[in-house]
Protein chains: 2
Amino acid sequence: MEVSTKHFRKRDAILTYLRSTDIHPSAEMVFTQLKPEIPDLSMGTVYRNLNLFKQQGLAVSVATVKGVERFDGNTEPHVHFICQDCDAVIDLMDMNVPESLKAVAAQCCGGQVEGCQLSFTGICCNCLDNQIKGGKAV
Amino acid sequence: MEVSTKHFRKRDAILTYLRSTDIHPSAEMVFTQLKPEIPDLSMGTVYRNLNLFKQQGLAVSVATVKGVERFDGNTEPHVHFICQDCDAVIDLMDMNVPESLKAVAAQCCGGQVEGCQLSFTGICCNCLDNQIKGGKAV
DNA sequence: GTTGTAAATAAGAATTGTTCTCATTTAGGA
DNA sequence: TCCTAAATGAGAACAATTCTTATTTACAAC
């Protein structure tokens, strides 16, 4: 009872993982996650398929954190919080970007607006806790 | 009538250029711009000082476009438009991020919000024009 | 002036994230 | 079985960035 043919097993595994997680993984995080169950997976395949998903609109690049691109299988535009300490990329699902802004942006620049991205940076609650409990002076 | 001592001439030149332009240059763009007037400038110095400015809050990193970090000497939070065709990063000065959003974000994630970034992607007016005039099919 | 010290720098090596190349495997049709 | 096109692994190649080291510079103490 195979869900996917052998031919696309890796591609499917990458997309499935991307859709199942909310950690907004980098290519390497995807690789590390899937390697144990797919021992002959290679980084090339991960990058190749992530880029393919971007082209096809099955995934988006949500941020570049310390030089590393982060991906999201949730292509609905939503807001992110990026922790400067642990590099976590966290969904702020309760917030949404005012749809009206896109129209305003188009007017401002006179061009054709296709996407928008709102993200906050700071220290996430976990890292805040650790800083206090661990006595790590800020 | 030297504005800066010889010791800081390069650092100052980089910051001055960064503040004088609105093209949101990459490290290489800064280098290329200043090299003619400062022939012995090196890329190491550009990167070193850009990172220093970021730490000191004199500059910010506004985006990573096709793997290349882009800088801004204007540290006031404002909105950007990124052209997917020519990689231009353009200020949308008429728009501003609702200050209230930051508070909402802090509530959402329970962490400490320090900055926020709103950017739109699409095709800028120049590239739109070129596509039409040049007859380049999309 | 000379000496000493710390910061700034140039040059290029090293590192790292990403893309490319090419030989191999696989699927599916003729 | 043969053929073709797509997917892949492995590692080379590439590009952006950081690191290393020797040199230069400013400036203060002598």
Side-chain angles (χ1 to χ4, degrees), chain A residues 2-18 23-56 58-72 82 84 87 89, chain B residues 2-18 23-56 58-72 82 84 87 89:
Chain A
E2 284 192 17
V3 171
S4 58
T5 79
K6 198 174 178 187
H7 205 176
F8 295 99
R9 209 190 303 160
K10 289 164 188 174
R11 175 168 301 174
D12 288 342
I14 295 170
L15 186 56
T16 299
Y17 171 59
L18 207 55
I23 67 168
H24 308 85
S26 63
E28 193 173 22
M29 290 156 94
V30 172
F31 178 79
T32 304
Q33 173 70 28
L34 297 179
K35 187 71 175 173
E37 46 183 290
I38 310 174
D40 66 340
L41 181 67
S42 78
M43 282 296 287
T45 297
V46 174
Y47 276 108
R48 201 181 305 119
N49 283 301
L50 286 174
N51 284 329
L52 188 68
F53 296 154
K54 273 203 292 185
Q55 279 177 36
Q56 297 176 331
L58 297 175
V60 289
S61 161
V62 292
T64 299
V65 183
K66 304 213 174 108
V68 181
E69 191 168 12
R70 304 286 286 267
F71 298 87
D72 196 342
I82 301 169
Q84 290 163 330
D87 298 340
V89 177
Chain B
E2 284 191 18
V3 170
S4 59
T5 78
K6 198 174 178 188
H7 204 177
F8 295 98
R9 208 189 305 160
K10 289 164 189 175
R11 176 167 301 174
D12 288 342
I14 294 169
L15 186 56
T16 299
Y17 172 59
L18 208 54
I23 66 167
H24 310 84
S26 64
E28 192 172 22
M29 290 155 94
V30 171
F31 177 80
T32 304
Q33 173 69 28
L34 297 178
K35 187 72 174 172
E37 45 181 291
I38 310 174
D40 66 340
L41 181 67
S42 78
M43 281 297 286
T45 295
V46 174
Y47 275 109
R48 198 183 309 116
N49 284 301
L50 286 174
N51 284 330
L52 189 69
F53 296 154
K54 273 203 292 185
Q55 278 177 37
Q56 297 175 334
L58 297 174
V60 290
S61 161
V62 294
T64 299
V65 183
K66 304 215 174 109
V68 181
E69 192 168 10
R70 304 287 286 267
F71 299 87
D72 196 343
I82 300 168
Q84 290 164 331
D87 297 339
V89 177

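Chain A is the first sequence line, chain B the second, and so forth, proteins listed ahead of strands; every chain is numbered from 1.
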task: Would you kindly give the CZ-to-C1' distance between A:R9 and C:dT25, to the nearest whole Å?
output: 12 Å
message: How many whole angstroms separate atom CG of B:L15 from atom C1' of C:dA8?
response: 16 Å
[X]: partners by side chain to side chain contact (heavy atoms under 4.5 Å, CB included), with sequence neighbours left out:
| X | answer |
| --- | --- |
| B:Q56 | B:L52, B:F53, B:L58 |
| B:I23 | B:Y17, B:T21, B:P25, B:M29 |
| A:F31 | A:K35, A:L41, A:M43, A:V46 |

Donor-acceptor under 3.5 Å ([X] side chain, [Y] main chain):
| X | Y | value |
| --- | --- | --- |
| A:K10 | A:N49 | no |
| A:R9 | A:I38 | no |
| A:R11 | A:T45 | no |

task: Not counting sequence neighbours, which residues clear side chain to side chain donor-acceptor pair (under 3.5 Å) with B:K54? List them please.
output: B:E69
query: Near DNA chain C, which residues from residues 58-72 of chain A have a heavy atom under 4.0 Å away?
result: A:G67, A:V68, A:E69
field: side-chain N/O A:N51 vs C:dT19 OP1/OP2, d < 4.0 Å
entry: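 Indeed, a polar side-chain atom of A:N51 lies that close.
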- request: Return the residues of residues 27-50 of chain B meeting this criterion: a heavy atom under 4.0 Å from some atom of DNA chain D. Order them by number, or give none.
  value: B:Y47
message: Quick test of your reading: applying side chain to side chain donor-acceptor pair (under 3.5 Å), list the pairs with at least one residue in residues 24-33 of chain B, sequence neighbours left out, ordered by first then second residue.
response: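 Sorted result for residues 24-33 of chain B: B:H24-B:D72, B:H24-B:H80, B:H24-B:D91.
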